[in-house]
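Inspection log for the structure reproduced underneath, given as structure tokens.
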Amino acid sequence: MSFRAPKGTDDVLPPASHTWRRLLLAWEDWSARYGYDLVLTPLFEATEVFARGVGEGTEVVEKQMYTFEDKGGRSVTLRPEGTASVVRAFLEAGAGGILKGAYSGPMFRYERPQAGRRRQFYQVGVEYLGSRAAAADAEVVELGYRYLVAAGVPGLSVELNSIGDRQCRPAYVRKLGTYLESRRDVLCDDSLRRLETNPMRVLDCKVCAPKLVEAPSPADHLCAPCAAHHEEVLTTLTELEVPYEEAPRLVRGLDYYERTAFEYVATDLGAAQDAVGGGGRYDGLAELLGGKRVPGVGFALGLDRIVLALGVEKEPNPLDLYIVVAGDRRKEAVRLASDLRRSGLRVDLDVEGRSVKAQFRAADRRGAAGALVVGDEWADGRVVAKDLTSGDQEVISLEEVQAWVRRP
RNA sequence: GUGACCGUAGCUCAGUUUGGUUAGAGCGCCGGGUUGUGGUCCCGGAGGUCGCGGGUUCGAAGCCCGUCGGUCACCCCA
């Protein structure tokens, strides 16, 4: 029996998990502030949901899905992303009106692990379903930005583009194809392959892009409605004071995107995978799944990459009190801890019967703000209260504990 | 799927050059110094199939072969 977590998966233990807890709590806060309700969907779906939703030709679907047959002979797949599931759930519920949904949890892709890329990774995200308004795009982009700023991601930048829709994109792709054919000699092998499957992805190629500065840009070939939509997204973001950079080369790897496409990049993250989030509009996705036409826009942020961008943080452990048991006062100490916990304080204590010295050491390691000693003073209804930062201590009555904790 | 590098204590590593007695250090952990006081200091202790398997040898952590795992990059993406 090996105790190693499966390849490409990570255990998150303290103290690293303090950062995760903070990020998850902040996510609940920020998504709720913008009016997004919690949406829970299964971690696995019928394989078809992703095959059709994400796109048959995409790398994710072709090579990266955890697909297996269940005992009923159904082909199911561990979700490689969140959007298709949420849209499927919305369709199942009737797809009426507007749904602003927020989710968080693990996603699964079978890949070779590297920095910022795991087989099981965590995302938080939102989907704004049922609206075609540019204001919805702007709101979504803003929320992701505000959250990442609050999380403390350094070197953050928002990159934005419009890749057109089913009206204008075919003509553009033809034009791009003609151009790329003329530059065949400078394209790498991968780009030559993409020229056949998805020409827009060639623009994203790190190797070829520098040689293709003259390539027609999607944003210059938008139809009038797409151009107007894009313009409104940009002006709204400016009004909302969200800094962004126009990224004419930004295309997305999943088939369902239309019009707005964006990424959040942690520019000073050294790793190759420096996009901490991405998203866009996907007005055609619901139809791909076999439902009616439901417009939508959303994003997903990679928590693992956010943690990576934050560096090795020493997050404070928010313990208000550590209770030290002296002499034969175990029962009283346990009861006191319970009372204080019920009153709302974060409290812990030793249950191993260790020495007072060991208990103080534990209090210090845990980062407790203060320690209460339950000992002989208990007979008078009092405890020793010690400030673990200053080292000052005094004897106080039990009634004074709450006030002592709130001392300046 | 492709490539490069790396596997010795919980962690970071030394030891491999030139195979040779009981495999080391720092940090961390536990205990003691202080029978009721942490963070500094001093002392002590626990903890190792040297990734695994085979081969060469009188003798392998070290050399050879294989295998598994890890890391980073490509690809792709959050």
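Here is how names work: the chains are called A, B, and so on, in the same order as the sequence lines, proteins then strands, and each is numbered from 1. What you are looking at is a predicted structure, and each value in this text was computed from that prediction instead of being measured.
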Quiz item: Counting any heavy atom closer than 4.0 Å, what does Gly125(A) reach on the DNA or RNA strands: base, sugar-phosphate only, or nothing?
Solution: nothing
Quiz item: Checking all strands, does Val276(A) fall into the base, sugar-phosphate, or nothing category for heavy-atom contacts under 4.0 angstrom?
Solution: sugar-phosphate
Quiz item: Which pairs with one or both residues in residues 36-45 of chain A pass side-chain hydrogen bond (donor to acceptor under 3.5 Å, both in side chains), sequence neighbours excluded?
Solution: Tyr36(A)-Glu139(A), Glu45(A)-Ser85(A), Glu45(A)-Arg88(A)
Practice problem: Please check if the side chain of Asp304(A) supplies one atom and the backbone of Tyr122(A) the other of a donor-acceptor pair under 3.5 Å. | Solution: yes
Would you tabulate the pairs of protein nitrogen or oxygen atoms and nucleotide nitrogen or oxygen atoms of nucleotides 66-71 of chain B closer than 3.5 angstrom?
from, atom 1, to, atom 2, distance (Å)
G69(B), O2', Arg4(A), NE, 3.3
G69(B), O2', Arg4(A), NH1, 3.2
G70(B), OP2, Lys7(A), NZ, 2.9

Self-check item: Qualifying residues under side-chain contact (heavy atoms from CB on, under 4.5 Å), relative to Tyr66(A), sequence neighbours excluded
Solution: Leu78(A), Phe108(A), Tyr110(A), Arg119(A)
Quiz item: Rounded to the Å, how far apart are Phe360(A) CZ and G31(B) C1'?
Solution: 18 Å
Quiz item: Heavy-atom distance under 4.5 Å between the side chains of Leu340(A) and Gln402(A), does that happen here?
Solution: yes
Quiz item: If you measure only the distance, is there a donor-acceptor pair under 3.5 Å linking the side chains of Thr67(A) and Thr77(A)?
Solution: yes
Exercise. Indicate, with a heavy-atom threshold strictly under 4.0 Å, whether Asp376(A) touches base, sugar-phosphate, or nothing.
Key: base
Quiz prompt | Lys386(A) charged N/C atom sitting above Phe360(A) aromatic ring, 6.0 Å / 45° | solution = yes
Self-check item: Minimum side-chain heavy-atom gap Gln123(A)-Leu303(A) below 4.5 Å
Solution: no
Quiz item: Could you write out RNA chain B as a dot-bracket string, with dots for unpaired bases, | for bases paired across to another strand, and Watson-Crick or G-U pairs counted at under 3.5 Å?
Solution: (((((((..((((......[...)))).(((((.......))))).....(((((..]....))))))))))))....
Quiz prompt | Short side-chain N/O contact from Arg365(A) to OP1 or OP2 of C30(B), under 4.0 Å | solution = yes
Self-check item: All side-chain hydrogen bond (donor to acceptor under 3.5 Å, both in side chains) counterparts of Arg21(A), not counting sequence neighbours
Solution: none
Quiz item: Given side chains that start at C-beta, do those of Thr83(A) and Glu127(A) come closer than 4.5 Å, heavy atoms only?
Solution: yes
Practice problem: Take the protein atom CG of Leu250(A) and the nucleotide atom C1' of A78(B), then report the distance between them rounded to whole Å. | Solution: 13 Å
Quiz item: For Arg361(A) and G31(B), is the shortest distance between a side-chain N/O and OP1 or OP2 below 4.0 Å?
Solution: yes
Donor-acceptor pairs under 3.5 Å, side chain of residues 369-376 of chain A to any protein atom, not counting sequence neighbours: which ones?
none

Practice problem: Sequence neighbours left out, what passes side-chain contact (heavy atoms from CB on, under 4.5 Å) with Glu352(A)? Give chain and number order. | Solution: Asp350(A), Arg354(A)
Practice problem: Give the B/S/- string for nucleotides 41-46 of chain B, one per nucleotide from 5' to 3', where a protein heavy atom under 4.0 Å of the base yields B, of only the sugar-phosphate yields S, and otherwise -. | Solution: ------
Quiz item: In residues 379-395 of chain A, what residues come within less than 4.0 Å of RNA chain B, judged by heavy atoms?
Solution: Val384(A), Lys386(A), Leu388(A), Thr389(A), Gly391(A), Gln393(A)
Which pairs of donor and acceptor atoms, one on a side chain in residues 285-300 of chain A, lie under 3.5 Å apart (sequence neighbours left out)?
from, atom 1, to, atom 2, distance (Å)
Glu287(A), OE1, Arg293(A), NH1, 3.0
Lys292(A), NZ, Ala95(A), O, 3.3

Self-check item: Minimum-distance nucleotide (side-chain atoms of Arg109(A) versus U37(B), G39(B), A78(B))
Solution: A78(B)
Quiz item: Any salt bridge between Arg117(A) and Glu111(A), counting N to O under 4.0 Å?
Solution: yes
Exercise. Search all heavy atoms of Pro106(A) against all heavy atoms of Leu43(A) and return the closest pair with its distance.
Key: CG-CD1, 4.1 Å
Quiz item: Mind checking what makes ring pair (Phe, Tyr, Trp, His ring centres under 6.0 Å) contact with Tyr244(A), not counting sequence neighbours?
Solution: none
Exercise. May I ask you to list the residues of residues 32-51 of chain A, by number, that have any heavy atom positioned under 4.0 Å from an atom of RNA chain B?
Key: none
Quiz item: Just wondering, are more than 12 heavy atoms of other shown residues or ligands nearer than 6.0 Å to CD in Glu48(A)?
Solution: no
Exercise. Tell me what Ala363(A) touches on the nucleic acid: a base, only sugar-phosphate, or nothing, going by heavy atoms under 4.0 Å.
Key: nothing
